[in-house]
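Have a look at the structure below, then the notes.
What you see is a predicted model, and the numbers here were worked out from it, not measured in a lab. Quick note: residue numbers are just sequence positions, from 1.
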Amino acid sequence: MWSSILSPDFFSAILRAATPILFAALASSIASKAGITNMALEGIMLFSALFGVIFSSLTQSAWLGMLITMVLGGLIGLALAFFVLNLKTDEILAAIAINLTATGGTVLLMVAFSGDRGVSSSIRSVSAPSVVIPLVDQIPFIGQILSGQNVMVWMSLLAVVILHLFLYKTPMGLAIRAVGENKNAAESVGISSRKVQYIALIISGALAALGGFYLSGGYMNMFTKDMTSGRGYIGLAAASMGGNTPVGGFLVSLLFGMAQALANIMQLTSVMPYEIILMIPYLTTLVGLGVYYYAQKRKKERLSGK
């Protein structure tokens, strides 16, 4: 097992496993910066995983399927914003409704579209391509990790940079952070908090949609029932532990990706029961959140003591 862990394939698997979590973490970060907790990430990713398969099949293009999926993810974010901001629905309850709808709705849509149940075996979808980087692929060890990754792995890393620049280097990013920190103060200087939060949730939905598309069009090449397997919630935890910043979310996503990759390797051994191995990514999330919030509590106690 140790030889597998120290191999380039293991580190390559970390990047692959971290990608959907990273997209979800980025989606959570921008919503949180605007003062809203987007707990609908799981549902958006699940819908998007199915939409990605359907629309890439209809268009016979992974790029068009990805674009349409992003638009539909943004529309789900728009719907969430409407319920929360206009109808004053509790944001947690609205998100739970979307997640529960996705659980059964994706199966219903898959059956209606193809007749498949559980797995989209009859839908001929098109997956996003892998990228072989010239010269880099010749570098020992590093080349085996970086070259040959799915293009969406690189898109997730690029999204970290773009979102960081957007939040911290643009007027709209400043407005989003201002609304999240103090809505009344932001409105006093002419910023429309509702408009800003609408924009943030639409972007959040589009980012989560990329994570869902990757699952069925990059990580795998088909849709399976409940294939997100809690990655939306793990992304939410990664964003929180990373301080709701793109870079922090990226670093924590790598940690959770490592836990997933480790679980995949351990399934090939008889080190411990299979059921316990499957729990590793989720136990890592729980332990990580526990340590993070304990550290936050101690920090507040020290500050209040001063």
Same apolar cluster (I L V M F W Y, side chains within < 4.5 Å links), [X]/[Y]:
X: Leu207; Y: Trp154; answer: yes
X: Phe82; Y: Leu75; answer: yes
X: Val151; Y: Leu26; answer: yes
X: Val126; Y: Leu215; answer: no
X: Val153; Y: Ile142; answer: yes

Residues clustering with [X] (ILVMFWY side chains joined when closer than 4.5 Å, directly or via others):
X: Val161; result: Leu165
X: Leu41; result: Met39, Ile92, Ile96, Leu100, Tyr233, Leu236
X: Val287; result: Val291
X: Leu158; result: Ile162

Margin query: When you compare the side chains of Gln149 and Ser130, does any donor N or O come within less than 3.5 Å of an acceptor on the partner?
Written below: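 No, no side-chain donor-acceptor pair sits under 3.5 Å.
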Nearest-0.5 Å distance that lies between atom [atom1] in [X] and atom [atom2] in [Y]:
X: Met110; Y: Leu50; atom1: CE; atom2: CG; result: 7.0 Å
X: Ser56; Y: Arg124; atom1: OG; atom2: CZ; result: 12.0 Å
X: Ile234; Y: Leu289; atom1: CD1; atom2: CG; result: 10.0 Å

Notebook entry, point to check: What ring pair (Phe, Tyr, Trp, His ring centres under 6.0 Å) pairs are there with at least one residue in residues 166-213, not counting sequence neighbours?
Noted result: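 Counting only pairs at least two positions apart or across chains, the ring pair (Phe, Tyr, Trp, His ring centres under 6.0 Å) contacts touching residues 166-213 are His164-Tyr168.
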Note to self: Using side chain to side chain contact (heavy atoms under 4.5 Å, CB included), reason through Ile133 and Leu135 one step at a time and then give a plain yes or no.
What the structure shows: CA-CA 6 Å; Ile133 308 173; Leu135 299 181; over 6 Å; no
Next item on the list: Count the heavy atoms of every other residue, nucleotide or ligand shown that sit under 6.0 Å from CG of Leu87, and state whether that count exceeds 12.
Entry: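 Counting other residues, nucleotides and ligands, CG of Leu87 exceeds 12 neighbours.
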Notebook entry, point to check: Passes side chain to side chain contact (heavy atoms under 4.5 Å, CB included), Val107 versus Arg117? Steps please.
Noted result: CA-CA 7 Å; Val107 176; Arg117 298 175 183 274; 5.8 Å; no
Check: Who passes ring pair (Phe, Tyr, Trp, His ring centres under 6.0 Å) against Phe250, sequence neighbours left out?
Finding: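 Partners of Phe250 under the ring pair (Phe, Tyr, Trp, His ring centres under 6.0 Å) test: none.
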Note to self: Tell me which one of Met66, Met152, Met155, Met45 satisfies side-chain contact (heavy atoms from CB on, under 4.5 Å) with Tyr214.
What the structure shows: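 Only match with Tyr214 under side-chain contact (heavy atoms from CB on, under 4.5 Å): Met152.
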Item checked: Intermediate values then yes/no, side-chain hydrogen bond (donor to acceptor under 3.5 Å, both in side chains), Ser122 and Asp116 -> CA-CA 7 Å; Ser122 65; Asp116 294 330; 2.6 Å; yes
